[in-house]
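Working notes for the structure below.
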Amino acid sequence: RLRGRRVVDLACGHGLVAYLMLLLEPRYESALAVDTMTPQSAATLAAALEARWPQLAGKVQRVQGSMHDVELRPDDVVVSVHACGQLTDRVLQMAVAAGASVAVLPCCHAHGSTEQGGLSGWLEPGLAIDVVRAERMRAAGYQVWTRTIPVEITPKNRLLFGWPAVGP
C-alpha cells in the first residue's frame, strides 16, 4: 500500500526497519536512517545484514542528527517504530507536510500532553491518542489503514499507515 522510492526511518535506533523495508519491497531504491544517537551495535547489524543480503549493500545511509533536518519528499515512505510519546506526532506531521506515505508503530503515549479528542472516557488513553492521530491524517486528505501485530512481539502493537488520497 505504501509506494515510494526512498524509505526514511526516523528515530531509527539501529536502522533495522530501514533494512527490513528494503528487503520486503525491492522497488524501494534506498533508505535513510536517522536518529540523534547511533547505537554501538548499528555497524555490526548493518554488516551482518549486508553480508546475508548483498543487494542491501550501500542502500542504507545512516545519519546521526535531528530528524527535523531531513528534507522529506512526496515519493518517500516515512517509517518510525516505537517513536516515544509526541515523537510519533512529529513524524506524522513531517510526513503529511511533505505529502509522503507513512507507517508508524506508536509507543509510550504521553497521556497528559497529547490530544485525546475527548475519547478517553470511552477508550483507553493510548488508543484515544491513536484514534485522534488517524483522524488527523484523514482530515489532511490521507487514506488511513490500521492493523495490530501480535502482543507477544510488543505490547505497543498498533500500526498506523497513511498515504495521500488520489483524486477528489
Side-chain angles (χ1 to χ4, degrees), residues 1-109 130 133-134 136-137 140 142-166:
R1 293 180 187 259
L2 302 181
R3 291 183 170 49
R5 296 177 59 190
R6 176 180 74 160
V7 173
V8 180
D9 187 359
L10 299 176
C12 70
H14 292 84
L16 178 60
V17 173
Y19 280 101
L20 292 175
M21 293 289 289
L22 291 175
L23 282 172
L24 292 171
E25 181 50 74
R27 290 181 292 181
Y28 297 143
E29 297 171 3
S30 63
L32 178 63
V34 182
D35 208 323
T36 56
M37 297 176 61
T38 301
Q40 287 183 332
S41 56
T44 304
L45 176 67
L49 290 167
E50 291 177 12
R52 172 61 181 89
W53 291 283
Q55 72 270 26
L56 296 176
K59 285 194 168 187
V60 177
Q61 176 190 1
R62 271 203 69 88
V63 173
Q64 184 170 320
S66 172
M67 67 182 201
H68 299 290
D69 294 334
V70 175
E71 186 174 325
L72 296 176
R73 307 180 301 231
D75 64 347
D76 285 336
V77 175
V78 180
V79 297
S80 192
V81 173
H82 292 297
C84 290
Q86 292 181 326
L87 190 53
T88 293
D89 296 302
R90 287 186 231 128
V91 169
L92 293 171
Q93 289 165 358
M94 289 175 63
V96 168
S101 294
V102 62
V104 295
L105 182 81
C107 81
C108 305
H109 296 81
D130 289 340
R133 288 171 171 157
R136 242 189 239 130
M137 290 175 58
Y142 271 62
Q143 297 277 334
V144 173
W145 190 53
T146 59
R147 290 292 181 265
T148 58
I149 60 174
V151 72
E152 296 81 21
I153 294 173
T154 179
K156 304 293 185 179
N157 65 339
R158 287 190 293 270
L159 289 164
L160 174 59
F161 302 90
W163 57 94
V166 180

Test side chain to side chain contact (heavy atoms under 4.5 Å, CB included) on Val70 and Val8 and set out the steps. CA-CA 9 Å; Val70 175; Val8 180; 4.2 Å; yes

To the nearest 0.5 Å, atom CG of Leu72 lies from atom CG of Leu10 at 6.0 Å

Rounded to the nearest 0.5 Å, the CG atom of Asp9 sits from the CZ atom of Arg62 at a distance of 8.5 Å

d(Lys59 NZ, Leu49 CG) to nearest 0.5 Å is 14.0 Å

Using side-chain heavy atoms (C-beta onward) and a distance below 4.5 Å, is Leu87 in contact with Arg90?
yes

Scanning both residues in full, the closest heavy-atom pair of Lys156 with Pro106 reads CB-O, 3.7 Å

Under a 3.5 Å distance rule, please check whether Arg158 uses its side chain to pair with a backbone N or O of Val104 as donor and acceptor. no

The reported gap from CG in Leu159 to OG1 in Thr148 (rounded to nearest 0.5 angstrom) is 7.5 Å

Between Ala83 and Thr88, the two heavy atoms sitting closest are O-OG1, 2.6 Å

What one should report as the nearest heavy-atom pair of Arg133 and Gly85 is NH2-O, 3.2 Å

Task: Close side-chain approach of Leu160 and Asp130, heavy atoms under 4.5 Å - done: no

Looking at Ser101 and Val77, would you say the former's side chain and the latter's main chain have a donor-acceptor pair under 3.5 Å?
no

- Query: Is there side-chain contact between Thr154 and Ile149, with heavy atoms separated by less than 4.5 Å?
  - Reply: yes

dist Arg6:CZ -> Arg73:CZ (nearest 0.5 Å) comes out at 4.0 Å

d(Asp89 CG, Met94 CE) to nearest 0.5 Å is 13.0 Å

Margin query: Tell me if the CD atom of Glu71 is crowded by more than 12 foreign heavy atoms within 6.0 Å.
Written below: no

Which side-chain N or O atoms in residues 16-36 pair as donor and acceptor under 3.5 Å with protein atoms at least two apart or in another chain?
unit_1: Tyr19; atom_1: OH; unit_2: Glu50; atom_2: OE2; d: 2.7
unit_1: Glu25; atom_1: OE1; unit_2: Arg27; atom_2: NH2; d: 3.2
unit_1: Glu25; atom_1: OE2; unit_2: Arg27; atom_2: N; d: 3.1
unit_1: Glu25; atom_1: OE2; unit_2: Arg27; atom_2: NE; d: 2.9
unit_1: Tyr28; atom_1: OH; unit_2: Leu2; atom_2: O; d: 2.7
unit_1: Glu29; atom_1: OE1; unit_2: Arg5; atom_2: NE; d: 3.4
unit_1: Glu29; atom_1: OE1; unit_2: Arg5; atom_2: NH2; d: 3.1
unit_1: Glu29; atom_1: OE2; unit_2: Arg5; atom_2: NE; d: 3.2
unit_1: Glu29; atom_1: OE2; unit_2: Arg5; atom_2: NH2; d: 3.4
unit_1: Asp35; atom_1: OD2; unit_2: Cys12; atom_2: N; d: 3.3
unit_1: Asp35; atom_1: OD2; unit_2: Gly13; atom_2: N; d: 2.7

Correct closest heavy-atom pair for Tyr142 and Ala95 would be OH-O, 3.3 Å

Q. Below 4.5 Å, heavy atoms only, C-beta onward: do Arg136 and Val96 meet side chain to side chain?
A. no

- Would you say His82 and Leu105 make side-chain contact, with heavy atoms under 4.5 Å? yes

Verdict with supporting geometry, Met137 and Val102, side chain to side chain contact (heavy atoms under 4.5 Å, CB included): CA-CA 10 Å; Met137 290 175 58; Val102 62; 3.5 Å; yes

Applying side chain to side chain donor-acceptor pair (under 3.5 Å) to Gln61 and not counting sequence neighbours gives none

